[in-house]
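Below is one structure, written out as structure tokens; comments come after it.
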Amino acid sequence: MDAIIAKNVSKKFRQASSTTLKTFLLRDLWKRDVPQKAFWALKDISISVKKGSTFGIIGQNGSGKSTLLKIVAGILAPDAGGCSVNGRISALIELGAGFHPDFSGRENIYINGMLLGLSKKTIHKKMDEIIEFSELRDFIDEPVRTYSSGMYSRLGFSVAVSVDPDVLLIDEVFAVGDEGFVHKCKSKMNEFKKKGKTILFVTHDLGTVENWCDEAMWLDSGVMGVAGPVSRTVDAYRRSVRLKE
């Protein structure tokens with residue numbers, strides 16, 4: 001059974017075709033429409049992720065990895081194609097996404113937990129567990145605007161895994177934070193794998209993909225390069241990077 005199915009997914013963004021003084025004046029002084037051009041972040045992407053498997057998405061910056069993850073999470077809607085997820089989903093998509101900078105870490109746990117579908121009563125029961133995992137007890141009542149990027153990552157990951165999802169989406173969680181916490185995150189993901197959870201994650205760490213994933217996909221400028229067995233996908237990506245150097 002497939003936990004995630006994306007079929008012919010395409011996503012288009014629009015950007016101003018120019019940033020000249022003329023276009024600035026047209027936009028901000030006369031409120032006229034500025035000519036825009038379409039930018040296709042994803043083009044006709046189809047994948048299926050089996051229930052209980054770990055699937056990695058690799059590619060260089062700007063290749064569409066995070067956009068695809070946001071579509072799977074339901075944060076973005078595709079301009080073409082569709083995506084379905086079977087099971088309860090939890091996502092850690094962007095560092096600090098959903099956090100209010102002026103609220104404390106504790107208050108943001110409530111906000112994030114409710115956004116992920118937990119009741120206030122359930123969050124209250126899980127609060128000590130979440131704080132303990134994040135290792136932020138000394139700072140949990142401070143406003144999160146005072147947190148470092150590593151502290152943001154700790155808090156976000158701790159809330160995301162507390163939901164006990166069927167499907168976990170993660171974007172570069174191992175890129176931030178100290179080695180000890182990264183090890184703890186990987187241990188939690190190992191626990192999820194043993195429980196038969198489905199994990200879909202974006203990373204630049206090819207070693208993590210090779211060690212963790214059952215399958216992988218390489219995106220190149222919004223287009224699928226290779227998808228399937230990890231070794232074949234990673235080898236193709238490495239060859240592409242060497243050719244561009």
Side-chain angles (χ1 to χ4, degrees), residues 3-6 9 11 13 41-42 49 51 54-55 57 64-78 82-137 139-177 181-182 184-185 188-189 191-192 195 197-203:
I4 302 169
I5 301 173
V9 169
K11 181 63 182 177
F13 294 107
L42 295 172
V49 180
K51 182 179 179 181
T54 300
F55 193 99
I57 304 175
K65 305 185 301 298
S66 295
T67 299
L68 180 58
L69 218 60
K70 289 176 183 177
I71 289 174
V72 174
I75 296 171
L76 293 176
C83 182
S84 62
V85 179
N86 298 312
R88 186 173 190 169
I89 190 170
S90 182
L92 182 57
I93 302 295
E94 289 180 346
L95 193 61
F99 288 165
H100 192 294
D102 293 324
F103 291 169
S104 70
R106 189 184 304 274
E107 290 166 328
N108 274 289
I109 289 173
Y110 279 108
I111 294 170
N112 266 251
M114 287 188 282
L115 286 173
L116 291 171
L118 297 180
S119 67
K120 188 174 181 180
K121 183 178 180 180
T122 300
I123 299 168
H124 183 73
K125 288 181 179 179
K126 290 177 174 283
M127 181 63 71
D128 285 341
E129 174 189 334
I130 293 169
I131 295 173
E132 189 67 28
F133 189 91
S134 71
E135 301 175 0
L136 294 173
R137 188 168 295 279
F139 308 96
I140 202 65
D141 292 308
E142 299 296 325
V144 298
R145 58 180 161 76
T146 66
Y147 285 14
S148 67
S149 57
M151 294 165 76
Y152 264 106
S153 181
R154 287 171 182 240
L155 191 62
F157 187 86
S158 301
V159 176
V161 298
S162 73
V163 176
D164 193 27
D166 301 305
V167 179
L168 179 64
L169 311 178
I170 304 178
D171 190 350
E172 289 291 0
V173 70
F174 301 137
V176 184
F181 190 73
V182 168
K184 183 186 283 191
C185 291
K188 176 60 73 171
M189 288 179 66
E191 180 184 321
F192 273 28
K195 288 182 178 180
K197 310 287 188 180
T198 305
I199 302 172
L200 178 66
F201 71 95
V202 164
T203 183

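For the numbers below, each heavy atom of this structure counts, side chains included, while hydrogens, waters and symmetry mates do not. Not measured: the values here are computed from a predicted model.
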*May I have the step-by-step check of side-chain contact (heavy atoms from CB on, under 4.5 Å) for M189 and I170, ending in yes or no?*
CA-CA 11 Å; M189 288 179 66; I170 304 178; 4.0 Å; yes
*Can you name the closest pair of heavy atoms from T67 and K11 and give their distance?*
CG2-CG, 3.9 Å
*Interatomic spacing from CD1 in I140 to CD1 in I109 - rounded to 0.5 Å*: 4.0 Å
*Please round to the nearest 0.5 Å and tell me the distance separating atom NZ of K121 and atom CD1 of I123.*
13.0 Å
*Could you tell me which non-hydrogen atom of G105 sits nearest to which non-hydrogen atom of Y147, and how far apart they are?*
CA-OH, 3.5 Å
*Minimum side-chain heavy-atom gap D171-L169 below 4.5 Å*: no
_Minimum heavy-atom separation for A3 and V167, please, with both atom names._
CB-CG2, 4.2 Å
*Can you check whether H100 reaches N108 side chain to side chain, under 4.5 Å on heavy atoms?*
yes
*From S134 OG over to F139 CZ, what is the distance, rounded to the nearest 0.5 angstrom?*
10.5 Å
*Assign the ring pair Y110 / H124 to parallel, tilted or perpendicular, where the plane angle (0 to 90°) is split at 30° and 60°.*
parallel
*Could you tell me which residues satisfy side chain to side chain donor-acceptor pair (under 3.5 Å) with T146, sequence neighbours excluded, listed by chain and number?*
none
*Quick one: sort the F99 and Y152 rings into parallel, tilted or perpendicular, breaks at 30° and 60°.*
parallel
*Do E129 side-chain atoms and K126 backbone N/O form a donor-acceptor pair below 3.5 Å?*
no
*If only atom types and distance count, is the side chain of K197 paired as donor or acceptor with the main-chain N or O of P165 below 3.5 Å?*
yes
*Is there side-chain contact between L42 and I71, with heavy atoms separated by less than 4.5 Å?*
yes
*Looking at K51 and T198, what are the two nearest heavy atoms and their distance?*
CA-OG1, 3.5 Å
_cation_pi(K188, F192) dist<6.0 Å, angle<=45_ = no
*What orientation do F157 and F133 show, parallel under 30°, tilted 30 to 60°, or perpendicular over 60°?*
parallel
_With a 3.5 Å distance limit and no angle check, can you tell me whether T54 reaches the backbone of I199 through a side-chain donor-acceptor pair?_
no
*For residues I4 and C83, report the shortest heavy-atom separation together with the two atoms involved.*
CG2-SG, 4.4 Å
*Spacing of S153 atom OG and L92 atom CG [to the nearest 0.5 Å]*: 6.5 Å
_Main-chain N/O of N86 paired with D166 side-chain donor or acceptor, under 3.5 Å_ = no
*Working to the nearest 0.5 Å, report the span between OG of S162 and CD1 of I130.*
3.5 Å
*asked:* Can you confirm whether K184 is buried at NZ, in the sense that more than 12 heavy atoms of other residues, nucleotides or ligands lie under 6.0 Å from that atom?
replied: yes
*Give, for atom CG of D141 and atom CZ of R106, the distance between the pair rounded to the nearest 0.5 Å.*
4.0 Å
*Closest approach of L116 to S90 (non-hydrogen atoms, all atoms of both residues)*: CD1-OG, 3.8 Å
*Above 12 or not: heavy atoms from other molecules or residues under 6.0 Å from CD of E132?*
no
